[in-house]
Amino acid sequence: MLAVTDLRIAYGKTEVVHGVSFDVAAGECIALIGANGAGKSTILKAICGLIPPSSGDIRFEGRSIGGLPGHAVARLGICMCPEGRQMFPEMTVLENLQLGAYRRRSEDISGTIDEVMTLFPRLRERASQLAGTLSGGEQEMVAIGRALMAKPRLCIFDEPSLGLAPKVVDEIEETLMKIKNLGVTILLVEQAVSMALRVADRAYVLEAGEVVASGTSQEISNDSRVQSAYLGG
Amino acid sequence: MLVDLLQQLFNGLVIGSIYTLVALGLTIIFGILGIAHFAHGSVAMFGGYLTYFLILALGIGVFPAMALAMAGGALLGVVLERVAYYPVRNAPPINSFIIALGLTLIIEKSNLLLFGVDQIIVPTGFNRIFTIGGLALPELRIYILLTAAALVVALTILIQKSWMGMAVRAVAQNRAAAILMGINVHAVSMFVFALSSALGVAAGVLVGALFAIAPGVSGGLVVKGFAVLILGGLGSIPGAIVGGLVLGVSETFASAFVSSAYKDVIAFLLMIGVLLVKPEGIMRRSVAR
Amino acid sequence: MIRPVLLAVVAAAALAFPHVVTANYFIHLAVLAMVWMIVAAGTNVIQGYAGYVSIAQGGFMGIGAYSSALLSLDAGVPVWLAISVAPFITALAALIAGYPSLRVRGHYFAILTLAMNMVIYIVLVNWIPVTGGEAGTTGIPAPEPISIGTLEISFERRVNYYYLVLAALALTMLIVTAVVRSRVGRVLEAIRQNETFAEAAGVACWKYKLFAFVISASLAGFAGALYAHYMSFISPAPFSVDHSLNAILAVILGGSGTLTGPLVGAALTVALPEVLRIAEIFRLIIYGFALVVVVIFLPRGLVPWIADLAGRDWKLPRAQSAESR
Amino acid sequence: MRRLGVLTIAAAIAFSPLATRAAEKTLTIGVSDALSGGGAVYGVPEKRAIDLAIEQINAAGGIAVGKDKYKLAAIVYDDKADPTEATNVARKLIDRDGVKYLLGYCCSASTGAVASIIGREDAIMLVGTAGARAITSAGHKNVFRTRPPGDYTGDAAGRFIASQGVKRLGVVAARDVALFTQYRDALIKAFESEGGKVVAVETFGGQDRDMTAQLTKVRGLEPDAYFISGYVEQVAFAHRQAHELGIKAPRFGFSGGSAAQFLRVASAEAMEGVWDLIAIEFNAEALGENAKNYAKAYEAKWKEYPTPNSAFAYDQVYVLKAALEAAGTVDDLEAVKKALRNLTVPKEVVLRYLPVDGKMFDPKGQAYISNGAFQFRNGNWVFVKELPSDAAAYSKFFQTVRD
């Protein structure tokens, strides 16, 4: 579904991603793991059209999307649940969810809202509250729900557990499993490596802008380097 | 004495409703694009002139002519965004600011060139005067209040209820997230310029009906608009509404009870005071609410 | 190597000008151009170096002009003293206005200075007993003649006033050069490029910004005083917002953040309409287009652009171009 | 406006003596007037009147100076009624264009500025409509004015208002145009010396078009009558707003605009009964043959009826013609000044001047005409009566003041 080939990205003259390749098949859940500054978020931004790649190819369902503007990528059905939640803080929870369905604005979205609220009952209670006033965990739910509102073909999660209490992280993990079981294709970027590996089918390990290991989650979990670097083993 | 107070209040509200319209256009542009669109007053004047000539040329009433002129203004707004502001969207803010100053000169003087130097008054035919107690309520001023109110309500509904309005608010609050939702920020920019220029044109028509459109009027108008913006908080729609009325009324009272010579100074002092004490304005900063 | 030579050539040309071009009118234009150069050089400090757009330069010019004129007319202060004091009066006004205003940044600051200019203008128009209102103040004396031996130099004569303003311009350039090449100048550039960074690095930015603002204003006031005693008549009109915009245009057109750019820009804004002999209205439309086009296509202004074209290494302290940020 | 390159100008200056010798002689005069902005309602008609006079003089063979016949040509600049712009224009005309005679000048502030510097210049300035006293009272030997100063008329107006039975007068007037402030002060002084009381003096500025606040305030003081003065564009708004506020008391004023100029802003209903107390500037019925012919010619050329004060400018040109012919020179300014000072009222002028000591201009170069009361009736100004005014007495006082 998504194929990234030899992707290079530079900020100004400094190249930060040096020829990364990976792919995501339909229905799969893939994790990109790596330390802070490994280039994970940069790659996601390039996929979503927020920054242009300097070279390499990004294909989505066979079509090259590298350099396409962000809104056009979103309209193809690639939806990102961004790092730091990125609420529309002065809109209500309901409005945030509605905006998630912006690419489907000609359709009736009340059914989808109902589905998302069933997934996150807390959001139903908070529907008319301003998103900026919610707790971090609740905001993450809004962010995930908002991404689902688009009925995405590919859903990208950028550090969904960042800055959340361990109990909430467990909830997020549960939610990701639910979404995966709904059949949504997922690209997950996480620093919480053990959680990511529990959710994902396959994983790529990034270090300093390069893929240093890849394989099924099982294989990666067993990789000694990964164990020592990320899993505290 | 009470009648005089009420009379001054009514007069102040009429002027204030025009300030509100000007400020609304400025505030949505600032909220979305962070541009201090100084040419807004000249666009308003352009609209007033255009309406005047449409009324003369087509023999239509003031409201249809105003609607046409607003459409023309919207188009002009889109052109300004595309041609002048779009190329500097990623440059430091000082650049867009200087573009705005340049556009002001161009539009202001083009108005002179196109429409001449004479002051013009938009003919309305609303000459009746209603009197309640000792309070004189000229028909024209009532219509101005109503027109401004109708436009404010229409804008509020548009911004609160429509998909485009949601997109506008989304871009104002979180540009990056809005892009991820599939919102085309450039389309929103153009829409915002079209919308605000149409509002500006409406304000220009009202000024032209109540007073006159003449070279030099636009400068005062745009500065009052910014004063309102600062009073109400840059980017805040309710702030613009409240701020406009507050400025209109306080100016009228200042003119009557303090000094008609320094009424503009009083408005600026108010603005400077707000900036220094409560820089976010008397209302919260946001296009959202 | 090339710069001292060029400087000498320009200086020689400036000194010779009134003897080559003897038509009174062109000397008049040259005086006006130099007055504007002083304003533009000052504007450049706050706008080109610190990156803050001040739309109050016209107003500060007015404060300088009126204080010098009124001191000499009403208080009987010698004109030389009045002209020397005017920049300090203006500086004081700028200090009072700038201290609170510089707490805000960017657009807020620009709008605030615009309001300042309008307040100054309104006061000039309405404080009729002192300023004479819109009708202005007449009969402002020229500086007292200087006697060197038997030679008496009268500044009623236009040529002599030309040399006076030329000397003032040279003084201005010395001051501005000293400021921008000092540590202060480097801090101002840092503020322009990233104020938050500079702040985080422990620089008390507000002090430097205030200093830049006050220097800009007092040079405008200086120019205003020179203008008043040259014209012998002033009214509020030349100190309106329009003329603040003119100063901004001069800086942008010539090259903001360069020493020579604003001078070239100011000369162009005075000379162009005369050379083109076009109606005022077209001139202003052309100015508008010039602003837009220069900002979009030549964000660094004419002088750096020409310098680049000439392929020379002019070691001017110049603004980072917009696109590299 | 001539649009020539600098080089062409330089060439023209360099070769102008040659050119004059070769062709028939032309005397170029400079015209500075407000052709745009708020003053344009006065400046444009003034410029048109000058154009008309020049055309007539040239068609009749020009000006006979000694043995030569001079045709007139004008270089016209827009001074926007702005003092600074007007001084720049004067510099251009004198220094660059080499003009010796400056005409036009509709507005007080701009004219006052030029008058303040003209004393040092080698030129003669003929002032049209501008009414600030200092323009001529300052006593520059090269300034002459056809229009009487504002306070000359204001005094007569104050007495007239009192004679109408007004006891309490509310004043709403232009704030700082010397013409209007001097008129207003003279009016108040005269009105109070007749036993009247001024209940309030409210003012408005040069850009204001909303006088509602001031009018509402004065309305609350319940005066018997209002006095509203300023430039037409603004005063028309004040009358419209007074009408909107339901003010029924009589409104007197001073602005001297044509009916058409007022009706562009205020309805005939709002204007009905309003008084304008002005120098009798122009009234074809009251003034006779010359005036009728002027109105006819002006209307034929410009497709509109002349505004009242345009006649001052028209007369300027004939005054200059008479003075040049009397002096027998166009180059010797001292002789021309002397001729102007000794001039009797030329026969071609439209207005009825009141000579002082038999001469058109008094020792300070000031001319006088009579004052009159006009009232707006059924969409037009109607001449009601002449206001008693003593030109000789005023002139005597005028010699003693400098501002």
Side-chain angles (χ1 to χ4, degrees), chain C residues 21-29 31-32 58 61-62 65 73 118 121-122 124-140 142 156-158 227-228 230-240 242-243 270-284, chain D residues 1-10 13-14 35-38 77-78 80-88 90-98 107-121 130 132 134-135 138 174-181 203 205-207 402-403:
Chain C
V21 183
T22 49
N24 252 339
Y25 187 69
F26 291 107
I27 300 175
H28 169 67
L29 287 181
V31 171
L32 289 187
M61 204 179 157
L73 268 178
M118 300 202 81
Y121 186 79
I122 290 169
L124 292 182
V125 166
N126 287 303
W127 199 12
I128 298 165
V130 173
T131 63
E134 263 173 285
T137 293
T138 57
I140 304 165
E156 301 254 342
R157 280 200 59 210
R158 216 170 281 180
Y227 175 82
Y230 171 66
M231 295 295 281
S232 97
F233 161 81
I234 46 171
S235 73
F239 312 120
S240 67
D242 279 4
H243 294 80
V270 174
L272 269 183
E274 294 298 331
V275 174
L276 299 174
R277 294 300 306 272
I278 43 175
E280 170 87 356
I281 178 168
F282 288 105
R283 171 171 79 90
L284 293 169
Chain D
M1 197 179 297
R2 291 197 322 195
R3 291 180 191 161
L4 300 169
V6 174
L7 284 178
T8 333
I9 285 284
I13 293 166
L35 305 179
S36 63
Y77 291 115
D78 178 9
K80 302 192 191 79
D82 174 71
T84 302
E85 192 66 31
T87 51
N88 288 340
R91 286 255 145 80
K92 270 190 212 172
L93 285 170
I94 298 168
D95 289 345
R96 190 179 63 192
D97 302 332
C107 298
S108 289
S110 48
T111 310
V114 178
S116 77
I117 60 164
I118 201 76
R120 285 194 232 151
E121 303 287 337
I135 293 168
R175 187 174 301 133
D176 69 338
V177 178
L179 166 64
F180 297 112
T181 55
T203 61
Q207 297 288 321
R402 285 193 59 81
D403 62 345

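So you know, we letter chains A, B, ... as the sequences are listed, proteins then strands, and number each from 1.
Contacts of D:Thr84 with chain C are made by both backbone and side-chain atoms, with heavy-atom separations under 4.5 Å. When heavy atoms are compared at a cutoff of 4.5 Å, C:Tyr227 approaches chain D solely by way of its side chain, counted from C-beta outward. No part of D:Ala178 comes within reach of chain C, as not one of its non-hydrogen atoms sits under 4.5 angstrom from that chain. For C:Ala237, the parts lying under 4.5 angstrom from a heavy atom of chain D are both the backbone and the side chain.
C:Met231 CE to D:Ile117 CD1: the interatomic distance, rounded to the nearest 0.5 Å, is 7.0 Å. Note that CZ of C:Phe233 is 6.0 Å distant from OG1 of D:Thr87, once rounded to the nearest 0.5 Å. For the atom pair CZ (D:Arg175) and CD1 (C:Ile128), the distance works out to 7.0 Å, reported to the nearest 0.5 Å. One distance of note links OG1 of D:Thr203 with CG of C:Asn126; it measures 7.5 Å at 0.5 Å rounding. To the nearest 0.5 Å, atoms NZ (D:Lys92) and OH (C:Tyr25) are separated by 4.5 Å. D:Glu121 CD to C:Asn24 CG: the interatomic distance, rounded to the nearest 0.5 Å, is 8.0 Å.
Listed by chain and residue number, C:Glu156 satisfy the salt bridge (Lys or Arg N to Asp or Glu O under 4.0 Å) test with D:Arg120 (two or more places apart in sequence, or in another chain). Residues that satisfy the side chain to side chain contact (heavy atoms under 4.5 Å, CB included) test with C:Asp242, not counting sequence neighbours, are C:Ser240.
For chain C, the option among D:Cys107, D:Ala132, D:Ser116, D:Pro83 with the highest count of heavy-atom pairs below 4.5 Å is D:Pro83.
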